[in-house]
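Taking it in order: structure first as structure tokens, then the write-up.
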Amino acid sequence: MTADNVTAPGPTDDERKNPQFAFDRYAPEYRDNFLSITKDMQQHCPIAWSDTYDGHWVAAGNREVFEIARCPHVSNDHDVAGDRNGYKGISIPTPPRVAAVRGGFLEMDEPEHREARSAVNPYLSPAAVNRWIPFIDEVVRAALDEKIESGHIDFVDDLANVVPAVLTLAMLGIPIKKWTVYNEPVHAAVYTPPDSPDIERVTAMHREMGLDLLNNLIEIKQNPRPGLINAVANATMNGEPMPDLEMLGILGLVIGGGFDTTTALTAHALEWLSEHPDQREMLSAERETLLDSATEEFLRFYAPAPGDGRTIAEDCEVVGKTFAEGDRVWLSWAMANRDPEVFEDPNEIILDRHRNRHYSFGLGIHRCIGSNVARTVFKRMLLAVMDRMPDYRCDPETTVHYDTIAVIQGMRHLPATFTPGERLGEGLEATLEKLQAICDEQQLAAPVTARKEQADIH
């Protein structure tokens, strides 16, 4: 045997798992110290090993996140059957309530991912979402009308929780009057820690929501009606009918992605604009040129979903680090969005920022499929508030942020005051009843290939 035939031994686990950083995104101090932690990691260890949650890598640098997210040897798969070395999907750690169900196509690899995702594409494209704008505007109008005469509003409870939930149910094909059945458990599951005394109540609400979702799926299988549930009910996996658990995983992904992320983005933007009234006036006056860039900047800065987990699917070297098959990696979209190597003054909100290539919707083939919905709903809510409550002021004393930014960087309450105004129409309950009839009559929840026209709400 010659020296050329000898393969040098690779580094041991202890040798390759360096540098180390005590990273715990669930700790309240991570939210409080996000800027200092981000700066520290990006300067000294843009990818580091953390012993928390059974051990995993943390990518904080923009380049590191980009390279790992697009690496062909990285997997999103959630191996609920235990056949693939325990791959655990996008959550670190995996919450017990979703341990047995994959999180839709976000926790699938190719070719399953492409096949499952293709079923919902015709419902979420820019053209498909554009059809819903009159519907969205009417829900926003009704939500604001409920509070406009009082001069008081909680932008989370009374607006930003309401509109995304109603729209998501409408797109799914679920009666929109049930939005309250879905709204609270989706949000509470994010902000309620597992050891909270309130967890039993939250679990019970989640069970009720899950049962209603399953009942809608069964109904639509038997008597089809337009919407994403019908699309998923007819989807295939590996060329065969999709199992019910996989359908529920996709529908859960649509609901989770459609609710809390848009709520969080809207609340943070409204809070910041309250703190910077001159910027709010400028944005309102120059909306034709500023709204798009401002939306991307709020997305970059607040990154509603701060990151995702991945599993290394094959021994490899990426960005100078040696990874072993089975290693878990946390990709921090939020920290990558604050990298000074890519963004000038990354910790400042610049409403007209150009070349804003943020990662708030993820990267690669698993990039958020609902990005068009999120942008549209956010813009319609923001414009309506600036038009109808132009002098609003949020109350920092009663504002309640989520304790952690582990899953969603959100808020529970954002109370505000403003000069009272006049109602423009019916209240929320009557409006939803009218909109349900319009959805049914105009087949609004059909795919864009079947219906291209905007909703007619008059």
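Source: prediction; values computed, not measured.
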Shortest non-hydrogen contact between G410 and A264, atoms and distance: CA-CB, 3.7 Å
In chain order, what residues pass the ring-ring contact (aromatic ring centres under 6.0 Å, His included) check against F135, with sequence neighbours excluded? W132
Does some side-chain heavy atom of D77 sit less than 4.5 Å from a side-chain heavy atom of T311? no
List the residues meeting ring-ring contact (aromatic ring centres under 6.0 Å, His included) with H113, not counting sequence neighbours, and say none if there are none. H366
Show the nearest heavy-atom pair for residues L290 and L283, with the distance to one decimal. CB-CD1, 3.8 Å
Decide yes or no for M209 and V186: does some side-chain heavy atom of the first lie under 4.5 Å from some side-chain heavy atom of the second? yes
Going by atom type alone, with no hydrogens or angles, which donor-acceptor pairs under 3.5 Å involve a side-chain atom of residues 237-253 and a protein atom two or more places apart or on another chain?
from	atom 1	to	atom 2	distance (Å)
N238	ND2	E112	OE2	3.3
D244	OD1	K221	NZ	2.5
E246	OE1	R102	NE	3.4
E246	OE2	R102	NE	3.2
E246	OE2	R102	NH2	2.9

Evaluate the side-chain proximity of R31 to T404: yes if any heavy-atom separation is below 4.5 Å, no if none is. no
Kindly state each residue pair satisfying salt bridge (Lys or Arg N to Asp or Glu O under 4.0 Å) with at least one member in residues 320-342, sequence neighbours excluded. R16-D327
Please collect all salt bridge (Lys or Arg N to Asp or Glu O under 4.0 Å) contacts where either partner lies in residues 182-191, sequence neighbours excluded, each pair once. none
May I ask you to test the N183-V162 pair for a side-chain heavy-atom distance under 4.5 Å? no
Below 4.5 Å, heavy atoms only, C-beta onward: do L124 and V373 meet side chain to side chain? yes
Which residues share a salt bridge (charged side-chain N to carboxylate O under 4.0 Å, His left out) with R117, sequence neighbours left out: none
Tell me, which pairs form a ring-ring contact (aromatic ring centres under 6.0 Å, His included) where one or both residues lie in residues 29-57, sequence neighbours left out? F23-Y30, Y26-Y53, Y30-F34, W49-W57, W57-F323
Those residues that, when tested against R375, pass salt bridge (charged side-chain N to carboxylate O under 4.0 Å, His left out) (two or more places apart): E296
Applied to residues 201-218, the salt bridge (Lys or Arg N to Asp or Glu O under 4.0 Å) test, sequence neighbours excluded, yields K178-D212, D198-R201
Decide whether a cation-pi geometry holds between R412 and Y191; the criteria are a distance under 6.0 Å from NZ or CZ to the six-membered ring centre and an angle within 45° of the ring axis. yes
I want to check something: taking the side chain as every heavy atom from C-beta on, are I174 and L213 in contact at a cut-off of under 4.5 Å? yes
Find out whether L363 and W333 are in side-chain contact, i.e. whether some heavy atom of one side chain is under 4.5 Å from a heavy atom of the other. yes
For the residue pair I349 and E297, what are the closest heavy atoms and their distance? CA-OE2, 3.4 Å
Any salt bridge (Lys or Arg N to Asp or Glu O under 4.0 Å) pairs touching residues 258-278, not counting sequence neighbours? none
For a quick test of your reading: what N or O donor-acceptor pairs under 3.5 Å do the side chains of residues 59-67 make, sequence neighbours left out?
from	atom 1	to	atom 2	distance (Å)
N62	OD1	Y359	OH	2.7
N62	ND2	A336	O	3.0

Residues 250-279 vs ring-ring contact (aromatic ring centres under 6.0 Å, His included), sequence neighbours excluded, gives H268-Y302, H268-H401, W272-H276, W272-F298
